[in-house]
There are 2 protein chains.
Amino acid sequence: MTRSEENYLKTIFHLGGGDSKSITTNAIAEQMETKPSSVTDMAKRLSEKGLVDYVRYQGVSLTDAGVKTALSIIRKHRLWEVFLVKKLDFTWDEVHEVAEQLEHIKSEKLIDKIDELLDFPKYDPHGDPIPTKDGKFQERDEKLLSEIPINSQGVCVGVKDSSVPFLKFLDKNKIALGNTIKVMDKEDFDNSLRIQMEGKEMRISHQIAANLYVKKND
Amino acid sequence: MTRSEENYLKTIFHLGGGDSKSITTNAIAEQMETKPSSVTDMAKRLSEKGLVDYVRYQGVSLTDAGVKTALSIIRKHRLWEVFLVKKLDFTWDEVHEVAEQLEHIKSEKLIDKIDELLDFPKYDPHGDPIPTKDGKFQERDEKLLSEIPINSQGVCVGVKDSSVPFLKFLDKNKIALGNTIKVMDKEDFDNSLRIQMEGKEMRISHQIAANLYVKKND
DNA sequence: ATTTAAATTTAGACAAAACTAAAAATAGAT
DNA sequence: ATCTATTTTTAGTTTTGTCTAAATTTAAAT
């Protein structure tokens, strides 16, 4: 299992290829910032190895073995992210790049010990669930902030977009996971929201609200 | 700087190529379990990049830039070894393989934070000195146990051979870094030693004594 | 049912890093 | 000084992972 193969499996999983849905080479190429022809080559290789089902001109989907491998890499990525934040004081916008490297370290003992050191966390710093050793996800009943009705409230539990600019924006506006947010009002014109958070009121655009996951209280 | 290039620089350094001594392609190939022809190819590449001086049929030595790079990799390797032992309860015979992977992670912040987390250790689990950020070694006045005279004693501070079998042998015989060892007697016939350690007396072969570093007390 | 546009694959090339086999240079022995 | 034996390099090949350009297939539109 090479580093590149692992990255392809991870990407296919993130694009939904774990649910036996066919992902096009174009979609994969775009996500990985590479060319569709390169993806075709890799699709053949992964297919040979029994990690994906590949039908020419149709796309790829992960086999059971492929899902298992993808989940183990995602598990490592997210555990390392927690480690970087909790033990080394990285900020949540700094961890991704380093975790992209650490996720490829091959040592089962290492990642199990990291898991233990962190006291078996269930979510990474962006609120994404960490698969268990046997590949199970703990799903959470979460909704996008943009989709809950006026006057309802919830706890902020995750971000959909975990790009550096978005995370920095949230920091600057003191929006953090764990905060309770109440939707006071919606503006029909631009879908912006008036919210109350930690005692203060503020207005946020639809684009922000559509990238914040909350767990509803009432 | 590819992983392979880093491994070559590290090996050349360990073979003494940091002291502007010429290391033969054969010696490097043997150490890295590869072929001399492969080493020649790499020697040319590293030479192009200004990391080694390479003279055909003579061998290679590290340039200043090459030494600097080699030390930074060795620093990372040894810090990760300390991390694995101190924070994740790895044994000293388990750390090398994983550290070989971790040493190639590219993030200055990461290794500096690991250094800080470990409280800036000076030696790795095998007693090898950890270079500082600016590439300085803290040398220690150490001698091989086989080379100190009868009736002198010292503290065990490192191993010359850090192979798994040797380390396991030491564990089995309760020989650990930090132990005080006194040389009671030497056997002319096979150069074996009678030693006193932590209150007990035992006999060890020359091969063992020649792979243990001690810091003399008297 | 064609035509066209878009998506996808093939073919051929390249770079990194390795190998094997053959050629060339060096060093040691006479 | 010459001849070997050894070391080292060269030349050509392989694998992985990528690319470009050309060809092919699919899907959408008339």
Round to a whole Å and report the spacing from [atom1] of [X] to [atom2] of [N].
X	N	atom1	atom2	answer
B/Lys49	C/dA16	NZ	P	7 Å
B/Arg3	C/dA17	CZ	P	11 Å
B/Glu48	C/dA17	CD	P	14 Å
A/Met32	D/dT18	CE	C1'	11 Å
B/Glu33	C/dC19	CD	P	11 Å
B/Glu6	C/dA17	CD	C1'	15 Å
A/Leu9	D/dG17	CG	P	11 Å

Is it true that A/Lys133 and A/Glu108 make a salt bridge, defined as a side-chain N closer than 4.0 Å to a carboxylate O?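 Looking at A/Glu108 together with A/Lys133, the answer is yes, because their closest N to O distance falls below 4.0 Å.
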With no hydrogens and no angle check, just 3.5 Å: does a side-chain donor-acceptor pair link B/Glu6 and B/His104?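 Per modelled atom types, B/Glu6 and B/His104 side chains form a pair under 3.5 Å.
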Notebook entry, point to check: Any side-chain donor paired with an acceptor under 3.5 Å for B/Thr24 and B/Asn26?
Noted result: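 No donor-acceptor contact under 3.5 Å links the two side chains.
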| query | A/Met42 has a side chain; which of C/dA16, D/dT18, D/dC19 sits nearest to it? | reply |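 In terms of side-chain proximity for A/Met42, the closest of C/dA16, D/dT18, D/dC19 is D/dT18.
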Has B/Arg140 got its NZ or CZ under 6.0 Å from the middle of the six-membered ring of B/Tyr123, at an angle within 45 degrees of the ring axis?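 Positive - B/Arg140 is close enough to the ring of B/Tyr123 and near enough to its axis.
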Q. Any side-chain N or O of B/Thr34 less than 4.0 Å from the OP1 or OP2 oxygen of C/dC19?
A.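 Yes, B/Thr34 has a side-chain N/O under 4.0 Å of OP1/OP2 on C/dC19.
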Output yes when at least one side-chain N/O atom of B/Thr2 is less than 4.0 Å from OP1 or OP2 of C/dA17, else no.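 For C/dA17, OP1 or OP2 has a side-chain N or O of B/Thr2 closer than 4.0 Å.
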5' to 3', nucleotides 4-10 of chain D under a 4.0 Å protein heavy-atom cut-off (B base, S sugar-phosphate only, - none) gives ---SBBB
* To do: Apply the salt bridge (charged side-chain N to carboxylate O under 4.0 Å, His left out) test between A/Asp124 and each candidate in A/Arg75, A/Lys76, A/Arg78; give the one that qualifies.
  =>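 Considering A/Arg75, A/Lys76, A/Arg78, a salt bridge (charged side-chain N to carboxylate O under 4.0 Å, His left out) with A/Asp124 is found only for A/Arg78.
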### Task
Look up atom CZ in A/Arg3 and atom CD in A/Glu100, then write down how far apart they are to the nearest 0.5 Å.
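If I round to the nearest 0.5 Å, the distance is 10.0 Å.
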